[in-house]
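Each chain gets a letter, A, B and so on, in the order its sequence line appears, and its residues count up from 1.
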Amino acid sequence: MTAEPRRRPRLAVWKFASCDGCQLTLLDCEDELLGLAEQVEIAHFLEASSASAPGPYDLSLVEGSVTTAQDVDRIHHIRAVSRRLVTIGACATAGGVQALRNYADVAEFQAAVYARPDYVATLATSTPISAHVPVDFELRGCPVDRRQLLEVITAHLAGRRPAVPAHSVCFECKQRGTVCVTVAHGTPCLGPVTHAGCGAICPTFGRGCYGCFGPSDSTNFPAFVPLLRRDGMDTLDVVRVLRTFNTAAPEFDAASRKELER
Amino acid sequence: MTHRGSRVLHVGSLSRVEGEGSLHLRIRGEEVAEARLAIYEPPRFFEAFLRGRSYTEPPDITSRICGICPVAYQLSACRAIEDACGVTVDGQLAALRRLIYCGEWIESHTLHVHLLHAPDFHGCANVVELARSRRADVERGLRLKQAGNAIIELLGGRAVHPVNVRLGGFHRVPSRSELRPLEEQLRRAREDAALTVRWVAGFEFPEAGCDHDLLALAEPDRYAIESGTPTVMPAPHTAGLPATSRRALPTRTFGVREFGDHVVERQVPHSTALHARLDGRRHLTGPLARYAISGRLLSPIALQAAQDAGLGDPRQGVVCRNPYRSIVVRAVEVLHAVDEALRLIDAYEPPPRPYVDVPPRAGTGHGATEAPRGLLHHSYTLDAEGTVTDAVLVPPTAQNQDAIEEDLRRTVQEHLRSGDPTDAELTALCERAVRNHDPCISCSTHFLDLTVDRAGGGH
């Protein structure tokens, strides 16, 4: 009796409202791309392939946030045909920069941008994928980190939990030996409340972290915000920095609302 | 030959482009009644939420419009805001900006050439399939792309949404020795880029031409990338089908500040992206326009490679107007960008400060740069404290949309006259015609200033 050839896991990559940067991160794995393509069957990935095969899929990577009624239907369909569903990036995980509309009157936004808003169908909110369907794993970042993305995919292939730490950017500065920009220079830095993963890039370039990976697993805003104020940020500055790429992340959202109530 | 009646062809999801769009064709007998590139990418309202942000923020925020050309957004935003504040960035800081932009040209163009466009010329669905027959060519492309990313990562911290660009320059500038490791990688990349030009020059190109006006930035002494003056080369007025190569015509220019007087956007019902026209006419930005307007200023090895690839000599006034050959121009621009990066690294001396101060003041500023896929214009209005009160962003895809639709119409029309193509054949032809322009669809869905096209509305 001959063994059946091992079936390669089927990978699908999906896009919702986004900049394509997290999908591009997969194509930026230049050294690993062709090897990865031998391990998995790329069944659906519109940015990279004009061939598209129907589900079911073993792993769906989802980029982008939900901003239209059709998107709501589409994400339910994708969930139904995916064994595991992983969100990649700040849009899919926390609504993305386009979630700034959540604080505004979208009809006014639409009228400001389009002469004929009736031509353009959009929801009043930009929401993460988890607001609509169960998600198996959320990978943070605007954009996601290449090494973490490969870890998530290979962990799935091996049937284990991805080793993606949930601590703050401060840990990565210490690991890298970067001098703390807040302590040494009084530069406002979101590192203490921001999820690790980027490798603490901004402080190594002498700027404060601006929170593009969203909140870390434990945040202490009552202790943290006074530090930002000490280093020269006023209420509006604090609100702006929390309301940028991860504005719909619950911890950043709550902290920014608290600021405005002061 | 069977006569086919009226039919409608709909391509629901364009593949191997950045962002999401669809195609819609209406054919009556042998006539194309309508050819539309519909962009259904959901709107993200950038111009609306940039209002009320600090003037220091647009470089980081607008980079999120496009993950493939974030440097183009960062530098167009910086130039526009510095213009509003009356600050000029020059010397080595300007050279470093050009260097990081060279990285983006190498990375983005190589992505398009190898991963998105080349599979068309080999009848493959994707790069993985292409690698089965052309492994060495694909590996060379991946290596070249990596070299582009290496420049952006070294200067910007990461390849997608780099963090080191700021108003007035950079948060931190490298020492000479930090740049040195790039040199070896780029020397290898120069070989790879030259081989890539030869590889794509050997593809089979359909006979095709276009009669769009061409728009690109131009500089007196170098191939424009991160700055320049908008320059227009009008379309030839000869009758009949346009030839693939034409003689250059005299150009005209206008100031970056007058951009909005010349390039005007209007909303159309079938697309979330606006259509822009240049002085009321259809126009094209991107590699073909740049090569026509600035080709004579390419580095000597890039210019020689262009001649050898059959693009014609821009110094003799030859202009390539075959959209399919844009892949060759892109490859030539990659070679130029690698060469230029090596030149910039060689001449680099660290500036005394990583940035010049940009104090806020009330006013409106304009900035334009050459994104890999075409001219990208930003303008911002600031109040005296530096709060953004208005933002207008005009990306290349919005400008190219009319030209792409005209290419689609012409391609389909020619094939209807010369045969009886099936829907599948027409679909493949149309997708190729769109990919020629490397449209960045995520970029194209957010505009502010527009005039209402009521005649074309009908809702």
Interchain contact, [X] with chain B, by part (heavy-atom threshold 4.5 Å):
X	answer
A/S65	neither
A/F45	neither
A/Q23	neither
A/Y103	neither
A/A48	backbone
A/L27	both

Looking at chain B, which one of [options] has the largest number of heavy-atom pairs inside 4.5 Å, strictly under?
options	result
A/V144, A/L33, A/D145, A/D31	A/D31
A/T25, A/T244, A/T204, A/D71	A/T244
A/C142, A/C198, A/G206, A/G21	A/C142

Top of [options] for chain A proximity - count of heavy-atom pairs under 4.5 angstrom:
options	answer
B/E431, B/R172, B/H171	B/H171
B/L116, B/V127, B/L115	B/L115
B/S63, B/A125, B/G141, B/P119	B/A125

Structural part of [X] lying under 4.5 Å from a heavy atom of chain A:
X	result
B/E57	side chain
B/I61	both
B/R435	side chain
B/R143	neither
B/D120	neither
B/L50	neither
B/V173	neither

Please tell me if the side chains of [X] and [Y] come closer than 4.5 Å, counting only heavy atoms from C-beta onward.
X	Y	result
B/R44	A/C19	yes
B/F45	A/L100	no
B/E129	A/I42	no
A/L46	B/R16	no
B/H161	A/C212	no
B/T387	A/L236	no

Report task. Could you tell me whether the side chain of A/R207 and the main chain of B/V163 form a donor-acceptor pair under 3.5 Å? Result -> yes
Roughly how far, to the nearest 0.5 Å, is [atom2] of [Y] from [atom1] of [X]?
X	Y	atom1	atom2	value
B/D60	A/C202	CG	SG	7.5 Å
B/N164	A/I201	CG	CD1	10.5 Å
B/R158	A/F205	CZ	CZ	10.5 Å
A/D28	B/N149	CG	CG	4.5 Å
B/T56	A/D237	OG1	CG	8.0 Å
A/S49	B/L130	OG	CG	11.5 Å

Query raised in the report: Does atom NE2 of A/H77 have more than 12 heavy-atom neighbours from other groups under 6.0 Å away?
Result: no
Report task. Using a strict cut-off of less than 4.0 Å between a Lys/Arg side-chain nitrogen and an Asp/Glu carboxylate oxygen, indicate whether A/E30 and B/R140 qualify as a salt bridge. Result -> no
Query raised in the report: So, B/R64 and A/S18: side-chain donor and acceptor under 3.5 Å apart, yes or no?
Result: no
